[in-house]
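As structure tokens, the structure follows; a few thoughts come after it.
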Amino acid sequence: MKVRASLRSLKSKPGAKVVRRHGKTFVINKLNPRWKARQG
């Protein structure tokens, strides 16, 4: 999982889901798990 300043490019990928957990923003992608990322 990458920690990124901006998740905009990742959330536009096919299959991407933006989730908020414990005050952090995550992008979870079931189709391509390489694109998991966290912000915050």
Self-check item: Spacing of CZ belonging to Arg21 relative to CZ belonging to Arg38, to within rounding of 0.5 Å
Solution: 12.5 Å

Would you tabulate the side-chain donor-acceptor contacts of residues 23-33 under 3.5 Å, counting partners in other chains and residues two or more places apart, or write 'none'?
unit_1 : atom_1 : unit_2 : atom_2 : d
Asn29  : OD1    : Leu31  : N      : 3.1
Asn29  : OD1    : Asn32  : N      : 3.2
Asn29  : ND2    : Pro14  : O      : 3.2
Asn32  : OD1    : Arg34  : N      : 3.3

Quiz item: When rounded to the nearest 0.5 angstrom, what distance separates NZ in Lys17 from NZ in Lys36?
Solution: 13.0 Å

Quiz prompt | Rounded distance (nearest 0.5 Å) linking atom NZ of Lys2 with atom CD of Gln39 | solution = 15.0 Å

Practice problem: Is it possible for you to say whether Leu10 and Met1 belong to one hydrophobic cluster, with membership spreading through side-chain heavy-atom contacts below 4.5 Å? | Solution: no

Exercise. Please identify each residue that fulfils side chain to side chain donor-acceptor pair (under 3.5 Å) with Arg4, with sequence neighbours left out.
Key: Ser9

